[in-house]
Engineer: 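Handing you a structure now.
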Amino acid sequence: MYDLVAIATKISNISQLRQLHAHLVLNSLQSQNYWVSLLLTICTRLHAHPAYAASIFTSSPYPNASVYSCMLKYYSRMGAHDEVVSLFRCMQCLDLRPHPSVYIYLIKLAGKSGNLFHASVLKLGHIDDHFIRNTILDMYAKYGQVDLARKLFEQMPNRTLADWNSMISGCWNSGNEADAVMLFSMMPDRNTISWTAMVTGYAKMRDLETARRYFDEMPEKSVVSWNAMLSAYAQNECAEEALKLFHRMLKEGITPDDTTWVAAISSCSSIGNLSLADSLLAKINQKHVILNNFVKTALLDMHAKFGNLEIARGIFDELGGQRNAVTWNVMISAYTRAGKLSLARELFDNMPKRDVVSWNSMIAGYAQNGESAMSIHLFREMIDCTDIQPDEVTIASVLSACGHIGALKFSCWVLNIVQEKNIKFGISGFNSLIFMYSKCGNVVDAHRIFQNMGTKDVVTFNTLISGFAANGHGKDAIKLLLTMEEEGIEPDHVTYIGVLTACSHAGMLKEGKNIFKSIKAPTVDHYACMVDLLGRAGELDDAKILIESMPMKPHAGVYGSLLNASRIHKRVELGELAANKLLELEPQNPGNYILLSNIYASAGRWEDVRQVREKMRKGGVKKSVGMSWVEYKGQIHNFTVGDRSHEWSKDIYRLLAELERKMKRVGFVTDKSCALRDVEEEEKEEMLGTHSEKLAICFALLVSEVGTPIRVVKNLRICMDCHTAIKMISKLEEREIIVRDNNRFHCFSEGICSCHDYW
DNA sequence: TTAGGGTTAG
């Protein structure tokens, strides 16, 4: 028998196991509990097939606690949680006493609801087992029940080092720095684990300096301690510091493990330094490291961030069965970052188990690529069809999408969910709220949120400043810039873009000039804003001089501003100059051709108009489709030029025709530029007057209550013809109509638009 | 057989 036991412990593959099994059968030993337990232990070690393990288990006619425990351990190793639980219930029914390690596994598995086991552990007297006791303590500490953990800890007659360490981590988990420090100082003895817990604790509080102090004072460091400090840097936007520490680690002869590589790789990708990444890859290859899927996922992400989508996809495919939710999520966001939404969606639809990050990645992916309506649609699906709880990131993305298309009602619905589910907002949540309100034209609420915020960051200020800019509140934008400086928040280049745009929209030439002068190192974008400001104010020659004096090469935005100003002030020669530069810089952008052809059209130079159109056709440049959204009862309705797909189409067009008749009767003449801008000569008659914003407005007129203002958002600039037509509609229908285009609001009321400077 | 470190979304 002793020979057999010796053989059994050395078994290293399934066929050896089957041989032993056969030998036991031959000697009629296979149903003895001792041997069943031993076979099951080997099954666990070798990951044997569940059917085989089950057949061994059932060969025992009267399985005892040991057999049950071995089978339970087998299932837990295989991740078959349901089987684990049902087996445990069987044991309870049979009054069998599980092995302590079984409890440890079960308590960990139960996680947050693990306190169910506490009573049973007490009843069976397992509480004196310090391994089990510590697991319970740790479970309480990990899952936010620090009070229970403390109670247990204080009642303990003999605390082990592990108990102290669990308690310290528990304090950090609940953000209780004072208690963590006190426990650490009171400890009778400390090990690397205690010190490392302090390092991670401070890292969680984003206090990297103190974390580093503990790290430096640590009497002995393990790889884990190094990793803790490395990750602290890597996760708090200190990638450079992380890589410095990584190199010191190598110099001191510490062998990196998987976690080390993950931190190094992710630091590399956030710095965006390709050559650094290459040298890191070389090191990994040179050391012949076997990479686990954490490292592979980090590598996947790095390649994706460097734009190597094929390599990233290669790693993803290679991972095969080792893929987890994170791997899928990384690949999805790799695609959304690159604007490849359909590929991202394909993965999203095919992934086996989506978590909140998967939904967030896809919702944010749509939102960031201009597919706001899809983003909102997907959020509804998440709420209506799944049990997954949205978090701050979800809400921030959806609110941003709502802002883009002015979906105020839908935003209210989203905010109700936030209240219902008690989702806590941090800075980014509030920032998105400010964005949404100001994009919906509700500056008052945007400002209210801003004032109630505890801590603000530069994005908070920038968002509200841009909101003021879009709503024509130039003075408020400048005031906010001053507040910002008072509160010690350094304005960045986005801040100045916002303030300059605000000046431009409010016609504040002098103030804008002063602000521009105060910018330490103006970027090309600031020059573009300045050209826009000068141009709109009619100082086109100054704008041209400014462009010529620029220390850097002007980009498309600079000439775009000049072109727009030339159109407003009918300066054909300057417009031609700007447009030609633009066509050089962006030969594929249809907007530039259309702007130029409009300038020629307004000057009556039809032959030039024809030539521009011809050039566009030859270059294969397609005109972009203008879209308009209107929100009705929390649903988003979108329209494109000449759209007939809406179920209300018939009524919409009937109303439009009726309105046009009325307009003609009161002497309204359409401006042909509208037709020339978007359609070929032969289609002109048919398409005239069917721009998306008009369709959206007619739809809103049909469905909305009399007296309520109509809100429409257009993704491009609204054209002159529609501008005039909407003015007239607001008068004829006695309705207030608010149209927001790319960057500002047009408020039409009683035949007057309150943003005259725009045209 | 317990305690410390890991990849993703804004």
Side-chain angles (χ1 to χ4, degrees), chain A residues 73 99-105 107-108 129-139 141-142 159-170 172 190-201 203 214-215 218 221-232 234-235 257-266 269 291-302 304-305 315 319 324-334 336-337 344 355-365 367-368 390-401 426-429 431-432 435 459:
Chain A
K73 264 193 253 175
H99 188 268
S101 63
V102 169
Y103 268 102
I104 289 174
Y105 171 75
I107 296 163
K108 282 185 170 179
D129 183 307
H130 67 268
F131 290 115
I132 293 187
R133 202 185 52 190
N134 177 262
T135 311
I136 292 179
L137 174 71
D138 195 58
M139 177 265 308
K142 258 201 191 89
R159 298 174 192 126
T160 63
L161 191 46
D163 296 325
W164 284 91
N165 288 340
S166 290
M167 213 42 233
I168 287 179
S169 298
W172 283 119
R190 295 182 193 111
N191 61 7
T192 24
I193 297 179
S194 334
W195 283 93
T196 310
M198 294 305 277
V199 172
T200 358
Y214 274 89
F215 177 76
M218 220 182 270
K221 297 180 184 76
S222 67
V223 204
V224 180
S225 324
W226 283 89
N227 291 342
M229 198 60 231
L230 268 176
S231 307
Q235 286 161 14
D257 70 359
D258 291 321
T259 310
T260 322
W261 291 116
V262 168
I265 292 166
S266 69
S269 46
L291 308 175
N292 71 4
N293 44 0
F294 272 89
V295 188
K296 283 184 189 162
T297 309
L299 274 175
L300 195 171
D301 183 54
M302 187 179 82
K305 282 194 177 134
I315 298 174
L319 274 163
N324 59 18
V326 180
T327 332
W328 286 86
N329 295 342
V330 171
M331 199 63 227
I332 288 173
S333 55
T336 59
R337 247 198 311 265
D355 62 8
V356 62
V357 180
S358 325
W359 286 91
N360 289 353
S361 308
M362 206 59 231
I363 289 171
Q368 283 155 20
D391 62 9
E392 190 192 357
V393 179
T394 328
I395 303 298
S397 305
V398 176
L399 286 180
S400 150
I427 295 184
S428 65
N431 287 351
S432 71
F435 176 82
V459 181

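Lettering of chains follows the sequences in order, A, B, ..., and the numbering in each one begins at 1. Everything quoted here is computed from the prediction, not taken from an experiment.
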Engineer: Could you list the residues that satisfy salt bridge (Lys or Arg N to Asp or Glu O under 4.0 Å) with A:Lys73, not counting sequence neighbours?
Structural biologist: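 Here no residue qualifies.
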Engineer: Rounded to the nearest angstrom, tell me the gap between atom CD1 in A:Ile395 and atom C1' in B:dA9.
Structural biologist: 14 Å
Engineer: Within the structure shown, what part of the strands sits under 4.0 Å from A:Gln368 by heavy-atom distance: base, sugar-phosphate, or nothing?
Structural biologist: sugar-phosphate
Engineer: Once side chain to side chain donor-acceptor pair (under 3.5 Å) is applied, do any residues pair with A:Thr192, and if so which ones, sequence neighbours excluded?
Structural biologist: none
Engineer: Any stems for DNA chain B, made of 3 or more Watson-Crick or G-U pairs in a row, each with both distances under 3.5 Å?
Structural biologist: none
Engineer: B:dA9 P sits how many Å from A:Met331 CE, rounded?
Structural biologist: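 In whole Å, B:dA9 P and A:Met331 CE are 13 Å from each other.
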Engineer: Can you tell me how far C1' of B:dA9 sits from CD1 of A:Ile332, to the nearest Å?
Structural biologist: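 About 10 Å, once rounded to whole Å.
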Engineer: Quick one: label A:Val330 by what it contacts on the DNA or RNA (base, sugar-phosphate, nothing), any heavy atom closer than 4.0 Å.
Structural biologist: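 Here A:Val330 touches the backbone only, sparing every base.
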Engineer: Among residues at least two apart in sequence or on other chains, which ones pass side-chain contact (heavy atoms from CB on, under 4.5 Å) with A:Ala344?
Structural biologist: A:Ile332, A:Tyr335, A:Thr336, A:Met362
Engineer: Can you list the residues that meet the side chain to side chain donor-acceptor pair (under 3.5 Å) rule with A:Glu392, with sequence neighbours excluded?
Structural biologist: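 Once residues adjacent in sequence are excluded, the partners of A:Glu392 under the side chain to side chain donor-acceptor pair (under 3.5 Å) criterion are A:Ser428.
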Engineer: Can you tell me how far P of B:dT7 sits from CG of A:Leu299, to the nearest Å?
Structural biologist: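 Distance, rounded to whole Å: 13 Å.
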Engineer: Please work out if A:Arg190 contacts a base, only the sugar-phosphate, or nothing of the nucleic acid, heavy-atom cut-off 4.0 Å.
Structural biologist: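 Nothing: the residue A:Arg190, judged by heavy atoms under 4.0 Å, touches no strand.
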Engineer: Base, backbone or nothing for each nucleotide of nucleotides 1-6 of chain B, written B, S, -, heavy atoms under 4.0 angstrom, 5' to 3'?
Structural biologist: BBBBBB
Engineer: How about A:Thr196 and A:Ser225: does a side-chain donor come under 3.5 Å of a side-chain acceptor?
Structural biologist: yes
Engineer: Which residues pass the side-chain contact (heavy atoms from CB on, under 4.5 Å) test with A:Asn293, not counting sequence neighbours?
Structural biologist: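 A:Asn293 satisfies side-chain contact (heavy atoms from CB on, under 4.5 Å) with A:Leu319, A:Gln322 only.
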Engineer: Does A:Ser166 have any side-chain contact (heavy atoms from CB on, under 4.5 Å) partners at least two apart in sequence or in another chain, and if so, which?
Structural biologist: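 Counting only residues at least two positions away or on another chain, A:Ser166 forms a side-chain contact (heavy atoms from CB on, under 4.5 Å) with A:Asn134, A:Leu137, A:Asp138.
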Engineer: Rounded to the nearest 0.5 Å, what separation is found between the CD1 atom of A:Ile265 and the CG atom of A:Asp258?
Structural biologist: 9.5 Å
Engineer: At under 4.0 Å between heavy atoms, what does A:Asp391 touch on the DNA or RNA strands: base, sugar-phosphate, or nothing?
Structural biologist: base
Engineer: Taking only residues two or more places apart in sequence, or in another chain, which ones meet A:Ser358 in a side chain to side chain donor-acceptor pair (under 3.5 Å)?
Structural biologist: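 Checked A:Ser358 against side chain to side chain donor-acceptor pair (under 3.5 Å); matches are A:Asn329, A:Asp355.
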